[in-house]
Amino acid sequence: MKRTSPGVATPLADLVEPADYVQARHWVFKGVESWRWFTRRHRAALAVRGAVIEIGGRLLVHATRFDQAVLDLATAGRHSPANNPHQRVALATVDGQDAKTTGEP
């Protein structure tokens, strides 16, 4: 079995405790409770992306994947007008085709 010496990057190098993740990104999550709320709300999406991993009953954060998931989820926001079926939004196409409308007719 190959061993690595301290300081050598491994596939597990990006796994951190939630508190450490939050502390390093204090401008995104004001505290661990804010992070927990986000994680509960998006648990399935985070798990599919491998952004949160449970090992030995402890939840760990894959920092790089979690960062990307935050960006993906923020830009795809559930509250975006394009994703809200109760709002009519005209979506103009770039290639000059007619505009399309989403939502209720």
Side-chain angles (χ1 to χ4, degrees):
M1 174 183 263
K2 185 178 177 184
R3 292 179 176 231
T4 59
S5 58
V8 175
T10 71
L12 300 176
D14 272 349
L15 293 178
V16 296
E17 296 281 341
D20 295 332
Y21 179 84
V22 171
Q23 183 179 13
R25 290 150 181 85
H26 59 87
W27 64 93
V28 178
F29 298 102
K30 300 223 183 262
V32 175
E33 288 306 315
S34 172
W35 178 86
R36 284 185 182 138
W37 176 87
F38 181 87
T39 302
R40 278 192 308 269
R41 183 170 171 96
H42 300 289
R43 183 84 179 223
L46 294 169
V48 166
R49 289 173 170 84
V52 290
I53 301 168
E54 190 172 335
I55 299 176
R58 290 179 33 220
L59 191 64
L60 296 173
V61 180
H62 188 288
T64 304
R65 292 177 185 167
F66 202 97
D67 288 349
Q68 188 60 53
V70 169
L71 293 173
D72 292 347
L73 292 166
T75 56
R78 292 177 53 179
H79 301 293
S80 165
N83 293 329
N84 188 338
H86 302 293
Q87 291 182 334
R88 295 177 56 80
V89 179
L91 301 173
T93 59
V94 177
D95 62 3
Q97 294 178 0
D98 293 336
K100 298 177 183 175
T101 304
T102 62
E104 307 261 338

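Using a 4.5 Å heavy-atom threshold, the side chains of Val32 and Gln23 count as separate. Residues Val52 and Thr39 are in side-chain contact: their nearest non-hydrogen atoms beyond the backbone lie under 4.5 Å apart. For the pair Lys30/Val22, no side-chain contact is recorded, criterion being any heavy-atom separation below 4.5 Å from C-beta on.
Atom CZ of Arg49 is separated from atom NE2 of His42 by 9.5 Å, given to the nearest 0.5 angstrom. Rounded to the nearest 0.5 angstrom, Leu59 CG and Arg36 CZ are separated by 9.5 Å. Once rounded to the nearest 0.5 Å, the distance linking CG of Leu60 with CD of Glu54 reads 9.0 Å. Remark: Leu46 CG to Ile53 CD1 distance equals 11.0 Å, nearest 0.5 Å.
Judged by distance alone, the side chains of Asp14 and Tyr21 never bring a donor and an acceptor atom under 3.5 Å apart.
Under the 4.5 Å side-chain heavy-atom criterion for grouping Ile, Leu, Val, Met, Phe, Trp and Tyr, Phe38 is connected to Trp27 within one hydrophobic cluster.
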message: One pair to check against side chain to side chain contact (heavy atoms under 4.5 Å, CB included): Trp35 and Val28. What are the steps and the verdict?
response: CA-CA 9 Å; Trp35 178 86; Val28 178; over 6 Å; no
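When every heavy atom of Arg25 is checked against every heavy atom of Ala63, the shortest pair comes out as NH2-CB, 3.7 Å.
Taking the six-membered ring where the residue is Trp, the centroids of Trp37 and Phe29 are separated by 6.0 Å or more.
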